[in-house]
Amino acid sequence: MNDIEARDFIRKIIYDDLESGKHDEIVTRFPPEPNGYLHIGHVMAICLDFGVAAETGGRTFLRLDDTNPGKESPEFVQAIKDDVHWLGFDWGDRLTHASDYFDRLHESAITLIEKGVAYVDSLTAEEIREYRGTLTEPGKNSPYRDRSVEENLDLFRRMYEGEFGDGKHVLRAKIDMASPNMNMRDPAIYRIRHIPHQNAGDNWCIYPMYDYAHGLSDAYEGITHSLCTLEFEDHRPLYDWFLDQLEPEHRPRQIEFSRLNLAYTITSKRKLKGLVDEGIVSGWDDPRMPTISGMRRRGYPPAALREFVKRAGVTKKDKLIEMGALETCVRDVLGDTAARRMAVLRPLKVVLTNYPEDQVESMEAMNHPGNPDFGTRELPFSRELWIEQDDFMEEAPRKFFRLKPGGEVRLRFGYIIRCDEVIKDDGGNVVELRCSYDPETRSGTGTSDRKVKGTIHWVSCQHAVDAEVRLYDRLFNEANPNTADDAHSVLNPASLEIVNAKLEPSLADLAEAVQFERLGYFCPDSQDDAAGARVINRIVTLRDSWAKLEKQALQGQAR
RNA sequence: UGGGGCGUAGCCAAGUGGUAAGGCAACGGGUUUUGAUCCCGUGAUUCGCAGGUUCGAAUCCUGCCGCCCCAGCCA
């Protein structure tokens, strides 16, 4: 245990509890409400809850916190399970629901009534709000607050039996209507809802509130450390109050940490749902979404997400982390694991005028420059090739070491070519380049001592595989769209661009994430890709220091 | 102008009385048949601000300022 590094304040508390003997085993829980899809913010909680237990040889429950039927559904339950598994965590046989405890919770509510610390209130929701007071003024007691235990028991039984309509009564904890902590002003424990439950069916018409159900569920499961986000900090006195009143066998401790916010994206389930419902994205798993399913479809490796939250850290300070930090993690993982391939996103034809008409050569290409274990592959080379439009400039700035009229460039794993002639259409657009190749410069022959500044990628026209490639950018133009009044006003209209690309032949049956050299990391789209009709997602671009240089170069030229 | 939290570099983050770790970003330089990767180097006289205690303060005390959360029969 001592060899584990306590990287954050929560781990320090937990390791201390182990060392002091307060606990022999750490038990945590990840308790999402199945009312939406999990997102990048949840990744933090998942990694913490499962991670800290795994590190200490403890256990973690995946608990669906389903106390509010109507918002929850089995679809979301399934998505949550898939996402947690995909992230690399396993709950074993510890999949539970708050609804699994409805019977015990109901019994304990009766105990609270018998103890005289809970009562049935018959005020309307609006009246209760008025009686609650404000942030600066105390509330006042409900006229029903002093009902007898017998009357409360009778009323609660009849609530349970379905005698009353929604909202007619509510069971409340009798605490302190003048508490400076709003959560302690006689919070609701049970409300009436005549609707079926996603797990419990229609066995119930009264449902427990989060504050009541959560701490007790933790206690029932023997949770030692109940980790949650900062907004629950002032719910803790209430969490503890229920435990004090009911004295369950196990006594969990709630500890709060700050949420993780990602710049240029939103992590509010409500707003995320809005994007889906309004068709701004194709679904919860749209590759631009910050949902786990979206990031999975985009091609982000789970290891990158785990590394990202590890680098972010666990603290109580509000975080708004730059997108670049996440992208770096994605590149770090993919850089080691993805094979290299060649593809042209925006094709421009090159004809090698001095290359034999029907000749096809096979070029050997490394699958990974830093790792020979990836082996090599053969690339067909012929007279007509596709190159990237960006790799040619008719009037190039200084330091542009790609192709320009009269200039030379190396074709990756191929020959050095020179641009002899630029062919344009009637509109003056460059449509083809006539080039000549230097037969002495074939890659890997040892005779290619000649150096040129630039190396560009290419695909043989007659061997190319066509593909739809989807290029993604951030969904919002505002660093913190969470705080924007209207999310629509800060949407990035260019968050998706689709191009018709040309791929090297080996990509005809691409299945995993690969690097398209000089472009970025790409993977087939899990929904739309099909044999013979490739649909590929760009996961992330490569770091592009030329983009910055180009800007400077063009500005310099303009002056 | 109630209560609860939080303020260390552009973004994260260590540090808890002994003289400011690390990562990301940025900026230089080197290697490179990916302008990628990799490697090397550059940042805080200062820790929200102002006082105070101390030989010594990011760490302790006082006051102030700023930001976040709470008035669901949501979680």
Side-chain angles (χ1 to χ4, degrees), chain A residues 7-8 31-33 35 65-68 70-72 121 123-125 128-130 132-139 166-172 179-185 187-193 207 209-211 213-214 228-237 256 258-260 263 269 308 310-329 331-332 335-336 340 342 366 368-370 399-402 409-414 416 441 443-444 448 451-457 515-520 541-550:
Chain A
R7 318 192 281 271
D8 55 71
E33 182 187 13
N35 68 342
D65 207 351
D66 53 356
T67 55
N68 189 15
K71 282 188 170 182
E72 301 153 359
D121 198 352
L123 251 24
T124 64
I128 286 179
R129 190 181 349 108
E130 288 161 14
R132 184 153 30 231
T134 68
L135 294 177
T136 52
E137 302 158 28
D166 290 6
K168 298 301 280 184
H169 303 283
V170 62
L171 183 69
R172 292 228 258 169
S179 172
N181 181 344
M182 300 298 285
N183 296 298
M184 300 300 270
R185 319 244 265 226
I189 301 175
Y190 267 92
R191 75 286 216 182
I192 301 171
R193 279 257 204 296
Y207 294 96
M209 299 290 291
Y210 163 86
D211 284 306
H214 202 89
C228 64
T229 42
L230 242 33
E231 67 269 28
F232 293 104
E233 201 152 27
D234 39 54
H235 290 238
R236 192 172 61 225
E256 312 82 14
S258 62
R259 301 183 92 99
L260 181 161
K269 272 187 192 171
F308 173 64
K310 183 179 175 183
R311 290 184 192 180
V314 179
T315 66
K316 300 189 73 158
K317 187 174 142 187
D318 293 336
K319 301 180 207 303
L320 181 61
I321 302 182
E322 294 169 341
M323 194 61 106
L326 209 206
E327 291 180 339
T328 293
C329 293
R331 291 188 188 107
D332 283 354
D336 289 340
R340 267 99 247 238
M342 291 213 286
M366 291 177 294
H368 192 119
K399 290 198 270 189
F400 179 83
F401 35 94
R402 278 120 92 148
V409 75
R410 162 139 239 136
L411 294 176
R412 178 93 163 138
F413 305 121
I416 291 174
T441 59
S443 180
S448 55
K451 296 278 185 193
V452 288
K453 271 190 205 141
T455 298
I456 64 173
H457 57 95
Q515 181 192 99
F516 289 173
E517 293 209 28
R518 302 211 305 131
L519 297 173
T541 61
L542 252 30
R543 184 174 273 108
D544 184 5
S545 55
W546 165 245
K548 278 174 283 187
L549 276 177
E550 183 181 36

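Below, all heavy atoms of this structure are taken into account, side chains as well, without hydrogens, waters or symmetry copies. A note on names: the letters A, B, ... follow the listed sequences, proteins ahead of strands, and every chain is numbered from 1. If you're wondering where the values come from, they're calculated on a predicted model, not measured in any experiment.
- At a cut-off of 3.5 angstrom, the base of B:A36 holds no donor-acceptor pair with the side chain of A:H457.
- Distance A:F232 CZ to B:C68 P: 19 Å, rounded to the nearest Å.
- For the C1' atom pair drawn from B:U54 and B:C67, the interatomic distance equals 32 Å after rounding to whole Å.
- Judged by distance alone, with hydrogens and angles left aside, A:T136 brings no side-chain donor or acceptor close enough to the base of B:U1 to form a pair under 3.5 Å.
- Listed by chain and residue number, nothing satisfies the ring-ring contact (aromatic ring centres under 6.0 Å, His included) test with A:H457 (two or more places apart in sequence, or in another chain).
- Between B:C55 and B:C49, the two P atoms lie 25 Å apart (nearest whole Å).
- In this structure, B:G41 and B:C27 make a Watson-Crick or G-U wobble pair, each of the two defining distances being under 3.5 angstrom.
- Residue-level contact check: A:M342 touches neither bases nor backbone, having no heavy atom under 4.0 Å from any strand.
- Every side-chain contact (heavy atoms from CB on, under 4.5 Å) that A:F400 has, sequence neighbours left out, goes to A:M393, A:A396, A:P397, A:R402, A:W546.
- Which of B:C24, B:G35, B:C74 sits closest to the side chain of A:R191 comes down to B:C74.
- Residues A:A263 and A:E322 come closest through the heavy atom pair CB-CA, 4.1 Å.
- Across all strands shown, B:A71 has no partner, as no Watson-Crick or G-U wobble contact with both distances under 3.5 Å is found.
- In the interface, the side chain of A:D234 is paired with the base of B:G3 through a donor and an acceptor atom under 3.5 Å apart.
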Close N or O pairs between protein and nucleotides 38-42 of chain B (under 3.5 Å):
none

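- Side-chain to base pairing of A:R236 with B:G4: no donor and acceptor N or O lie closer than 3.5 Å to each other.
- Nucleotides B:C68 and B:G35 are separated by 44 Å at their P atoms, to the nearest Å.
- Rounded to the nearest Å, the gap between the C1' atom of B:A21 and that of B:A58 is 14 Å.
- The A:E233 side chain lies nearest to B:G5 when the options are B:A13, B:C73, B:G5.
- Of the candidates B:A71, B:A13, B:U34, B:A71 carries the atom nearest the A:R129 side chain, counting heavy atoms from C-beta on.
- With rounding to the nearest 0.5 Å, the separation of CD1 in A:I189 from CG in A:D121 is 11.5 Å.
- Partners of A:M184 under the side-chain contact (heavy atoms from CB on, under 4.5 Å) rule, at least two apart in sequence or in another chain, are A:I175, A:S179, A:N181, A:P237, A:L238, A:W241.
- Between the side chain of A:E322 and the base of B:G10, a donor-acceptor pair under 3.5 Å is found.
- As rounded to the nearest Å, B:A14 and B:A20 have C1' atoms that lie 10 Å from one another.
- Within the shown strands, nothing qualifies as a pairing partner of B:G35 under the Watson-Crick or G-U definition with both distances less than 3.5 Å.
- Candidate nucleotides B:C73, B:A75, B:A71 were compared by shortest atom distance to the side chain of A:T134, and B:A71 ranks first.
- With sequence neighbours excluded, no residue forms a side-chain contact (heavy atoms from CB on, under 4.5 Å) with A:D336.
- Rounded to an integer number of Å, the gap from CG of A:D211 to P of B:A75 is 8 Å.
- Residues passing the side-chain contact (heavy atoms from CB on, under 4.5 Å) test with A:T315 are A:S258, A:K317, A:K319, sequence neighbours excluded.
- In this structure, A:L230 atom CG and B:C67 atom P are separated by 17 Å, rounded to whole Å.
- Within the 4.0 angstrom heavy-atom criterion, no nucleotide atom of any strand lies near A:Y207.
- Evaluation of A:W546 against the base of B:G35 yields a stacking contact (centre distance < 5.5 Å, interplanar angle < 30°).
- As judged by a 4.0 angstrom heavy-atom cut-off over every strand, A:K548 is placed among residues touching the sugar-phosphate backbone only.
- Candidate nucleotides B:G7, B:G35, B:C24 were compared by shortest atom distance to the side chain of A:K317, and B:G7 ranks first.
- The separation between A:N68 atom CG and B:G72 atom P is 15 Å, rounded to whole Å.
- Nucleotide B:C60 is matched to B:G52 when pairs are restricted to Watson-Crick or G-U wobble geometry with both distances under 3.5 angstrom.
- Base pairing annotation: B:G66 forms a Watson-Crick or G-U wobble pair with B:C6, both donor-acceptor distances under 3.5 Å.
- To the nearest whole angstrom, the two P atoms, one in B:C40 and one in B:A57, are 36 Å apart.
- A donor-acceptor contact under 3.5 Å links the side chain of A:R340 to the base of B:U34.
- The distance between atom CG of A:L135 and atom P of B:C68, rounded to the nearest whole Å, is 15 Å.
- For B:G23, the base is anti relative to its sugar; the glycosidic angle deviates from 0 by more than 90°.
- At whole-Å resolution of the value, CZ in A:R518 and C1' in B:U33 are 11 Å apart.
- For the P atoms, the distance linking B:C65 with B:C24 amounts to 39 Å, nearest Å.
- Atom CD of A:E231 and atom C1' of B:G5 are 12 Å apart (whole Å).
- Both A:D66 and A:E137 lie close to RNA chain B; mapped to their nearest nucleotides by heavy-atom distance, the more 5′-ward contact belongs to A:E137.
- Comparing B:U46 with B:A9, their P atoms sit 13 Å apart, to the nearest whole Å.
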